Amino acid sequence: MNEFILHRHPANPLISPKDFPVPADSVMNCGQAMYKGKTVLLCACIYRGLVNGQKTGIHVAMSDDGINFTVNPKPLCTHNPWSDDVCNYDGWVIDPRLTQIGDEYYIVRPGQGPLGPCALLEKTTDFESVEFMGCIALPPNRVPCLFPEKINGMYARLDRPMFGSGKGCGEIWISYSPDLKYWGDYKPLMRPGVVPYFDFKIGPTVPVKTKHGWLEIIHGTWNTCADTRYSLGAVLLDLEDPSKIIGRTYSWILTPQAPYELNGHVSNVCFACGCLVDEDKDEVKVYYGAADERICLATGSLSELIDACKNNL
Ligand code: BMA
């Protein structure tokens with residue numbers, strides 16, 4: 001197999017529907033963070049049948065070693081009725097982005113509805129319960145990713161405005177807020193084509209601070225006459241002004257090749273919502289959704305990835 005910067009863990013897939021504590025058809029794309037020395041993943045699940053009357057929910061998985069996870073059978077995030085008196089803008093509870101800001105953990109997830117996804121904000125401090133903080137982006141914006149600290153006195157996020165079909169579906173913009181609730185000062189940052197391996201869609205994950213810049217794992221698609229390929233790449237943003245791109249990989253860093261990525265609920269998919277970085281260990285870890293059906297891990301050298309971004313490799 002042709003290897004790129006991220007390398008698959010031999011224990012993949014780490015979490016599959018058969019390992020889930022409730023009946024599951026798919027265990028999908030996960031938010032990721034460290035909490036009290038443990039690795040925590042927020043795993044989106046498409047249930048087999050209905051569980052507590054719902055078709056989807058987001059469950060907490062915790063691990064001491066980052067490989068063996070215990071999944072909570074009770075979902076952390078589930079359908080919220082905030083929009084139900086007009087229409088259901090929370091019909092499909094998946095794809096959480098998880099950002100630690102100080103001692104608090106913020107979850108942004110798509111509120112899927114008739115005009116496409118809006119963005120719902122929730123907060124947790126213990127991964128046992130969430131506080132619903134409201135809708136922070138009009139549809140279609142799927143899914144804004146919060147920076148983990150204020151930049152020049154303002155919260156910042158990477159937005160993902162999109163339209164339903166056609167070339168150019170899905171861009172990355174940046175915006176700012178004094179309080180995480182009211183957002184503005186919007187600016188476009190990346191379109192499909194910003195890297196040669198995404199020609200149709202491009203989307204953000206939660207940025208991670210490194211001494212060389214904000215490391216931003218991006219996901220996106222390349223369309224061929226035969227299929228669509230959902231892969232991962234990386235971009236480096238300026239620490240002081242994250243609206244400046246200071247590097248990007250010109251090759252994908254992970255693309256579907258393993259059987260568990262090539263075949264599944266949606267075949268040909270490697271999709272990430274974030275990454276974990278350990279600068280002392282020179283390591284980047286990406287827990288990713290494979291074929292929209294199971295959760296896998298790929299790791300790589302942080303310095304190799306940063307160098308690839310800086311040298312546009
Ligand atoms: C995206 C989202 C993800 C999914 C991916 C591949 O548009 O819907 O949830 O993993 O497509 O199907």
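Keep in mind that this is a model prediction, so the values were computed, not measured. Numbering of ligands and ligand atoms starts at 1, following listing order.
- The shortest side-chain heavy-atom distance between Arg157 and Asn141 falls under the 4.5 Å cut-off.
- Ligand 1 lies within reach of Lys201, whose nearest heavy atom is under 4.0 Å from it.
- Using a 3.5 Å distance cut-off with no hydrogens or angles, the side chains of Tyr197 and Thr249 do pair a donor with an acceptor.
- Listed by atom number, the atoms of ligand 1 under 4.0 Å from Asn29 heavy atoms are 3 (C), 4 (C), 9 (O), 10 (O).
- In this structure, atom 1 (C) of ligand 1 lies nearest to the protein heavy atom Tyr230 OH, 3.5 Å.
- Using modelled atom types and a 3.5 Å distance limit, the side chains of Asn29 and His219 yield no donor-acceptor pair.
- The nearest protein atom to atom 10 (O) of ligand 1, hydrogens excluded, is given as Asp292 OD1, 2.6 Å; this is a heavy-atom distance.
- Of the listed residues (Asp95, Val266, Thr221, Thr228), the one carrying the non-hydrogen atom nearest atom 2 (C) of ligand 1 is Asp95.
- Ring-centre distance between Tyr287 and Phe69: below the 6.0 Å cut-off.
- A donor-acceptor contact closer than 3.5 angstrom is absent between the side chains of Asn80 and Asp90.
- For ligand 1, the atoms sitting less than 4.0 Å from at least one non-hydrogen atom of Met28 are 9 (O), 10 (O), numbered in the order shown with element in parentheses.
- The contact set between ligand 1 and Ile94, taken as ligand atoms under 4.0 Å from a residue heavy atom, comprises 9 (O).
- Aromatic ring orientation, Phe20 versus His59: perpendicular (interplanar angle above 60°, classes split at 30° and 60°).
- Nearest protein heavy-atom contact of atom 8 (O) of ligand 1 is Arg142 NH2, 3.4 Å.
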